[in-house]
Structures are given as structure tokens and as C-alpha cells.
Novice: 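Encoded as C-alpha cells, here's the structure I'll be asking about.
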Amino acid sequence: MTERRAILSGSTFEDQIGYARAVVDGDWVHVSGTTGFDYTTMAISDDVVDQAEQCLRNIEAALAEAGCALADVVRVRYMLPDREDFEPCWPVLRRCFGEVRPAATMLVCGLADPRMKIEIEVYARRATGSRPPANPAALL
């Protein structure tokens with residue numbers, strides 16, 4: 001049977017809207033569109049590059065809980081309300097994905113909150129055998 005579990009970040013949006021930060025489905029990890037909010041404080045910077053860096057920290061945390069990392073990302077979507085904000089983020093994105101080279105798409109669209117300047121969604125695939133045990137107590 002394929003493992004399926006939700007990963008929550010503590011974002012108030014997850015409870016208000018009814019979704020998970022990520023869903024692990026077997027070896028696949030689907031990370032929801034993730035914004036630049038610091039989920040512990042629900043604060044957000046006004047700077048798009050700062051937001052991109054926070055998005056990636058949030059994504060890294062979800063991936064780590066799922067048993068993988070940015071190196072396992074195979075697909076990424078960047079969503080921004082202002083296309084002019086995308087290029088300033090390139091150095092941050094290249095630092096995280098330049099060696100990985102996932103398939104990528106950038107969309108210009110409205111986001112849920114006017115303070116949000118970028119949203120990033122990723123799909124990752126865990127290496128075979130990297131899955132945590134379904135029942136850790138079974139190892140005792």
C-alpha cells in the first residue's frame with residue numbers, strides 16, 4: 001500500500017483554507033504553493049528577494065520532513081503578480097536549483113494576499129529506500 005501523509009507547517013492559511021503544506025504520496029512529495037511568510041510569526045517582508053528566500057526555507061522544511069531535499073525537486077512553478085519581480089529572484093533560485101535543473105514554469109497571476117510577491121510550488125521524488133518507516137515503533 002502506498003504511503004500518503006500530510007505535512008503541516010503551522011501556517012494559519014492551512015487551517016483557514018483546509019490544505020497541507022505538502023503531501024507525501026509514495027515516493028512523490030507535492031509541496032503546495034508556498035509564499036514568503038515566516039510561518040512561525042506569520043510576518044512577511046516587503047522585498048521580493050527576501051520573500052523568495054523565505055519561500056525556499058519553507059519548502060526545504062517541508063521536504064526535510066518528507067525525507068528529501070531541494071536536490072530531489074523535479075518540477076517547480078514560480079507565480080508572481082508582477083513579472084518585473086522575477087529577474088531579481090534569479091540568483092536565489094539559481095543557488096537552490098542551478099545544479100538540480102528541475103522543469104520550471106513562471107506564471108504571472110494574482111496571489112491571495114496583496115503582500116505576497118512570489119509563490120513557489122514544487123514536486124519532488126524521494127530516492128528509493130529513503131522513505132521513513134511507516135511505523136517507527138516496529139524498529140524497536
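The figures that follow rest on heavy atoms only: side chains count, while hydrogens, waters and symmetry mates do not.
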Novice: Start with the C-alpha distance between Glu14 and Ser9, add both sets of side-chain angles, then the distance that settles side-chain hydrogen bond (donor to acceptor under 3.5 Å, both in side chains), and finish with yes or no.
Specialist: CA-CA 8 Å; Glu14 293 167 5; Ser9 69; 2.6 Å; yes
Novice: So which heavy atom on Leu56 is nearest to which on Cys96, and how close?
Specialist: CD1-SG, 3.6 Å
Novice: Pro81 and Met116: which non-hydrogen atoms are nearest, and at how many Å?
Specialist: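 Closest approach of Pro81 to Met116: CG-O, 3.7 Å.
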Novice: Between Asp15 (side chain) and Thr12 (backbone), is there a donor-acceptor pair under 3.5 Å?
Specialist: no
Novice: I need the Glu119 CD to Gln51 CD distance, nearest 0.5 Å.
Specialist: 10.5 Å
Novice: Do Arg21 side-chain atoms and Gly33 backbone N/O form a donor-acceptor pair below 3.5 Å?
Specialist: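 Yes; at least one donor-acceptor contact below 3.5 Å.
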Novice: Any side-chain heavy-atom pair from Leu107 and Met79 closer than 4.5 angstrom?
Specialist: yes
Novice: For Ala66 and Val24, which heavy atoms make the closest approach, and how far apart are they?
Specialist: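 What the structure gives for the nearest pair is CB-CG2, 3.6 Å.
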Novice: Can you get from Ile120 to Leu111 by hopping between Ile, Leu, Val, Met, Phe, Trp and Tyr side chains that sit under 4.5 Å apart?
Specialist: no
Novice: Test side chain to side chain contact (heavy atoms under 4.5 Å, CB included) on Leu63 and Leu70; report intermediate values, then the result.
Specialist: CA-CA 7 Å; Leu63 290 172; Leu70 289 175; 3.9 Å; yes
Novice: Are any non-hydrogen side-chain atoms of Trp28 and Val74 less than 4.5 angstrom apart?
Specialist: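 Yes. Closest side-chain heavy atoms under 4.5 Å.
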Novice: I'd like to know whether Asp47 forms a side-chain hydrogen bond (donor to acceptor under 3.5 Å, both in side chains) with Ser45, so could you lay out the CA-CA distance, the side-chain angles of the two residues, the decisive distance to 0.1 Å, and finally the verdict.
Specialist: CA-CA 5 Å; Asp47 181 74; Ser45 170; 5.2 Å; no
Novice: Return the CZ to CD distance between Arg94 and Glu99, rounded to the nearest 0.5 Å.
Specialist: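 Arg94 CZ to Glu99 CD: 11.5 Å, rounded to 0.5 Å.
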Novice: Is the backbone of Thr35 close enough, under 3.5 Å, to the side chain of Asn58 for a donor and an acceptor to pair up by distance?
Specialist: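 Looks like yes, one N/O pair under 3.5 Å.
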Novice: When rounded to the nearest 0.5 angstrom, what distance separates CD1 in Ile44 from SG in Cys55?
Specialist: 7.5 Å
Novice: Determine, stepwise, if the pair Thr105 / Arg75 fulfils side chain to side chain contact (heavy atoms under 4.5 Å, CB included).
Specialist: CA-CA 8 Å; Thr105 301; Arg75 178 85 169 108; 2.9 Å; yes
Novice: For Val122 versus Val76, what's the shortest heavy-atom pair and its separation?
Specialist: CG1-CG2, 3.7 Å
Novice: Rounded to the nearest 0.5 Å, how far does CZ of Arg125 lie from CG of Asp25?
Specialist: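 Answer for the CG-CZ pair, Asp25 versus Arg125, is 11.0 Å.
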Novice: Test of understanding: clusters of I, L, V, M, F, W, Y form through side-chain heavy atoms closer than 4.5 Å, transitively. Do Val108 and Val49 belong to the same one?
Specialist: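 Yes: a chain of side-chain contacts under 4.5 Å links Val108 to Val49.
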Novice: Hey, is CG on Asp46 packed in by over 12 heavy atoms from elsewhere, all under 6.0 Å?
Specialist: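 Atom CG in Asp46 is not crowded, with 12 or fewer foreign heavy atoms closer than 6.0 Å.
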Novice: Could you report the tightest heavy-atom contact between Pro88 and Pro91, atom names first, then the distance?
Specialist: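 Residues Pro88 and Pro91, closest heavy atoms: O-CD, 3.4 Å.
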Novice: Transitively linked via ILVMFWY side-chain contacts under 4.5 Å: Leu8 with Tyr19?
Specialist: no
Novice: Distance from Thr34 atom OG1 to Gln54 atom CD, nearest 0.5 Å?
Specialist: 10.5 Å
Novice: Is there a continuous path of hydrophobic side-chain contacts, each under 4.5 Å between heavy atoms, that joins Leu93 to Val48?
Specialist: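 Shared cluster, yes.
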Novice: Ring-plane angle category for Tyr78 and Phe86, please: parallel below 30°, perpendicular beyond 60°, tilted otherwise.
Specialist: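 Rings of Tyr78 and Phe86: tilted, 30 to 60°.
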Novice: Can you tell me how far the CZ atom of Arg4 sits from the NE2 atom of His30, to the nearest 0.5 Å?
Specialist: 8.5 Å
Novice: Start with the C-alpha gap between Phe13 and Phe37, add the side-chain angles, then the distance that decides, and say whether ring pair (Phe, Tyr, Trp, His ring centres under 6.0 Å) holds.
Specialist: CA-CA 10 Å; Phe13 297 126; Phe37 277 94; 5.3 Å; yes
Novice: Check step by step if side chain to side chain contact (heavy atoms under 4.5 Å, CB included) holds for Met106 and Arg83.
Specialist: CA-CA 9 Å; Met106 182 275 212; Arg83 71 176 32 92; 4.0 Å; yes
Novice: Given Asp85 and Lys117, is the side chain to side chain contact (heavy atoms under 4.5 Å, CB included) satisfied, shown in steps?
Specialist: CA-CA 8 Å; Asp85 280 342; Lys117 296 185 178 190; 4.2 Å; yes
Novice: Run the salt-bridge test on Glu3 and Arg126 with the 4.0 Å N-O cut-off and return the result as yes or no.
Specialist: yes
Novice: So if you build clusters from Ile, Leu, Val, Met, Phe, Trp, Tyr with side-chain heavy-atom gaps below 4.5 Å, do Val23 and Val31 land together?
Specialist: no
Novice: Below 4.5 Å, heavy atoms only, C-beta onward: do Ser32 and Glu121 meet side chain to side chain?
Specialist: no
